[in-house]
2 protein chains.
Amino acid sequence: MEKQLKRILLVEDDPNFGIVLKDYLTMNDYDVTHAKNGMEGFEKFKKSDYDLCILDVMMPYKDGFTLAKEIREKNKEVPIIFLTAKAMKEDVLKGYKVGADDYLNKPFDSEVLLMKISAIIQRKNTETVADSAEFMFTIGGFELNSKLRFLSYNGGEPEKLSPKENQLLRLLALHVNDLMPRELALTKIWRDDNYFTSRSMDVYIAKLRKYLKKDEKVEILNIHGEGFRLVINS
Amino acid sequence: MEKQLKRILLVEDDPNFGIVLKDYLTMNDYDVTHAKNGMEGFEKFKKSDYDLCILDVMMPYKDGFTLAKEIREKNKEVPIIFLTAKAMKEDVLKGYKVGADDYLNKPFDSEVLLMKISAIIQRKNTETVADSAEFMFTIGGFELNSKLRFLSYNGGEPEKLSPKENQLLRLLALHVNDLMPRELALTKIWRDDNYFTSRSMDVYIAKLRKYLKKDEKVEILNIHGEGFRLVINS
DNA sequence: TAACAGTTTAACCTAACGTTAACAATTATG
DNA sequence: CATAATTGTTAACGTTAGGTTAAACTGTTA
């Protein structure tokens, strides 16, 4: 089974150093996306889901702190590591204020970076375990067991869901009666937000609607241009 | 009853220090085997069973890391403590990569060593106790004695299971009706998660299914991309 | 050193899954 | 009202995971 690689967003303007670092991390089993400046970094961040961000502090146009602030507005969870050329105390403080998880001075030992990365991801992992513990959902007359990927109606024979079907239905269930934004599903499940993943998602919505037909009280409504809404009518 | 002394393999090339350390440990109720270099260390390791290895890092011909790697190939369980003259960061990292349990800088406090030894052996002990606590399982019409590696059906002649068959069935039984993740079996039983160990596991699933055919109420179901599920149908 | 048990690797096949294309239907927008 | 953008749906396709059997390998024992 293919192991799900942890995804890192690396924002570093120095092209040489950036490529070397990206390759090094890639060799060590991380799925690395490299952005060459703050703007690009933020665009890439919005488009997908990352387990960790590594930001260079000194970059033209948009420095690492500003970028970090923008990232924090979108996501308060994702760990951030700053890279900086000189060890300036104010910078360090500024970094932690923005919500940095760690701080590295260039030049740094690459193995130290690896250690820090795995430590941080490890920590986040154990924190999130409790989060993902919920995998039983009642959806009208249906019962979704998203761990076993089973969907049963009125206690009957459970139907098997595919991983994508399961993830999508679970995400909808987490937002019952509320908007589940397109973008959310695309970044969380497809890990990319583009035309094709979007179409793919529509296909899965169709599949789910087919499953949910058994209970006419349950439906998935579209909110044009926004996303979908799983509603239970009473 | 004579208490079973814990056995320590000490590999240390400095004759004086080696003898002193051996005597010290012996006085503290350990059964110590002293090897004077890496080769001898590995020979002694293969010849017997140890509860702990203490390896000097800097040795002629074969250094401690190389020896540790060889030992790990034979035995992924035995705890290893490295001794090193200077605190070199790379060495520490290298050591942990090889699967070291602890790390000591020479000169070290001998009492600290004793503490670490007993802590490590203690930990390994409790781990294995918890692990092996349950070894009798009822699986539909079957009885699994995973200590003796026997599987019997309706009280008939028990069949012998191979170690891997036994471990896998036991792990499945510990998760009856629930998901037993692929990764769990691979890391717990095969201690490695790659394409080949994964295929190997599939082979063992096939073998187990063959055994379990006698009771059509018992089956091992696959959850695509996730793992397996041992179910007892009523 | 031959036989054997246990395990891994290879090979071949089937099933599961996800993406994409194609076309229809619906909804926004000027 | 016309037309562009978005969404609904089905089917075909390629890829990967899993099922199974047999051969190759490894270490141990007679």
Side-chain angles (χ1 to χ4, degrees), chain A residues 1-5 146 148-151 158-169 172 179-183 185-186 188-213 219-230, chain B residues 45-49 70 73-76 146 148-151 159-169 172 179-183 185-186 188-213 219-230:
Chain A
M1 186 185 67
E2 173 93 39
K3 211 189 283 156
Q4 188 58 42
L5 298 184
S146 82
L148 300 180
R149 301 207 312 252
F150 278 168
L151 180 67
E159 288 193 88
K160 293 209 277 181
L161 299 184
S162 87
K164 281 258 170 9
E165 289 166 352
N166 173 56
Q167 289 182 82
L168 187 54
L169 184 52
L172 285 163
L179 171 68
M180 192 283 291
R182 264 195 119 74
E183 202 202 341
L186 292 175
K188 281 242 164 199
I189 303 177
W190 276 266
R191 315 196 126 220
D192 191 15
D193 179 350
N194 63 42
Y195 172 76
F196 289 110
T197 53
S198 194
R199 296 313 339 256
S200 191
M201 167 170 170
D202 289 332
V203 170
Y204 277 92
I205 290 289
K207 293 184 184 188
L208 290 182
R209 281 182 174 140
K210 207 174 276 180
Y211 285 125
L212 299 177
K213 254 189 194 130
E219 37 183 355
I220 298 176
L221 303 179
N222 173 254
I223 298 174
H224 200 91
E226 299 287 334
F228 295 90
R229 207 159 79 91
L230 174 67
Chain B
F45 180 80
K46 282 195 293 188
K47 281 222 154 82
S48 190
D49 251 12
E70 293 176 351
E73 275 171 31
K74 294 235 118 206
N75 182 329
K76 304 230 199 292
S146 83
L148 300 178
R149 303 208 313 257
F150 278 166
L151 181 68
E159 289 192 87
K160 283 203 60 166
L161 298 183
S162 85
K164 282 257 169 16
E165 289 167 349
N166 172 56
Q167 290 182 79
L168 187 55
L169 184 53
L172 284 163
L179 171 68
M180 192 283 291
R182 265 193 116 75
E183 206 200 335
L186 292 176
K188 278 237 166 201
I189 302 178
W190 275 266
R191 307 192 162 269
D192 191 14
D193 180 349
N194 62 44
Y195 173 76
F196 289 111
T197 52
S198 194
R199 298 308 284 124
S200 189
M201 168 171 170
D202 289 333
V203 171
Y204 276 90
I205 290 289
K207 294 184 185 192
L208 291 182
R209 281 181 174 140
K210 210 171 275 180
Y211 284 125
L212 299 177
K213 251 188 196 133
E219 38 182 355
I220 298 176
L221 302 179
N222 173 254
I223 298 176
H224 198 97
E226 297 289 335
F228 294 92
R229 205 161 78 93
L230 175 67

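In what follows, every chain begins at residue 1, and chains take the letters A, B, ... in the order their sequences are listed.
- Residue B:Phe196 contributes atom CZ, which lies 12 Å from atom C1' of C:dA11 at whole-angstrom precision.
- Rounded to whole Å, atom P of D:dC25 lies 19 Å from atom NZ of B:Lys164.
- A distance of 6.5 Å separates CG of B:Leu186 from CZ of B:Arg182, quoted to the nearest 0.5 Å.
- Going from atom CZ of B:Arg209 over to atom CG of B:Asn222 covers 6.5 Å, rounded to the nearest 0.5 Å.
- Between A:Glu226 atom CD and C:dT26 atom C1' the separation is 17 Å, expressed in whole Å.
- To the nearest angstrom, C1' of C:dT7 lies 14 Å from CG of B:Asn194.
- Taking only side-chain nitrogens and oxygens, A:Trp190 comes nearer than 4.0 Å to OP1 or OP2 of C:dT19.
- The structure places CG of A:Leu208 at 9.0 Å from CG of A:Leu230, a figure rounded to the nearest 0.5 Å.
- One interatomic measurement links the two molecules: CG of A:Leu186 to P of C:dT19, which rounds to 11 Å at whole-angstrom precision.
- Whole-Å rounding puts the B:Leu208 CG to C:dT7 P distance at 11 Å.
- Nucleotides of DNA chain D nearest to A:Ile223 and A:Lys210 differ in position, and the one nearer the 5' end is that of A:Ile223.
- Comparing C:dT8, C:dA21, D:dG8 against the side chain of B:Ser200 picks out C:dT8 as the nearest.
- Closest contact between the side chain of B:Pro163 and the listed nucleotides D:dA17, C:dA10, C:dG6 involves C:dG6.
- When distances are taken from the side chain of A:Lys207 to each of D:dG8, C:dC17, C:dT19, the shortest belongs to C:dT19.
- Judged by closest nucleotide on DNA chain C, B:Lys160 is the one of A:Ser162 and B:Lys160 placed further toward the 5' end.
- Atom CE of A:Met201 and atom P of C:dT20 are 16 Å apart (whole Å).
- Counting to the nearest Å, the C1' atom of C:dA16 and the CZ atom of B:Arg182 are 13 Å from each other.
- A donor-acceptor contact under 3.5 Å links the side chain of B:Arg199 to the base of D:dT20.
- Residues A:Tyr204 and A:Ile189 form no side-chain contact, since every pair of their non-hydrogen atoms from C-beta on lies 4.5 Å or further apart.
- Among the nucleotides D:dG8, C:dA28, C:dT19, the one closest to the side chain of A:Arg209 is D:dG8.
- A:Tyr195 comes within 4.0 angstrom of nothing in the nucleic acid, heavy atoms only.
- Ranking C:dG6, D:dT9, C:dT7 by closeness to the A:Asp202 side chain, first place goes to D:dT9.
- The side chain of B:Phe228 sits closest to D:dG19 out of C:dT7, C:dT27, D:dG19.
- Residues A:Arg149 and B:His224 form a side-chain contact, since some pair of their non-hydrogen atoms from C-beta on lies under 4.5 Å apart.
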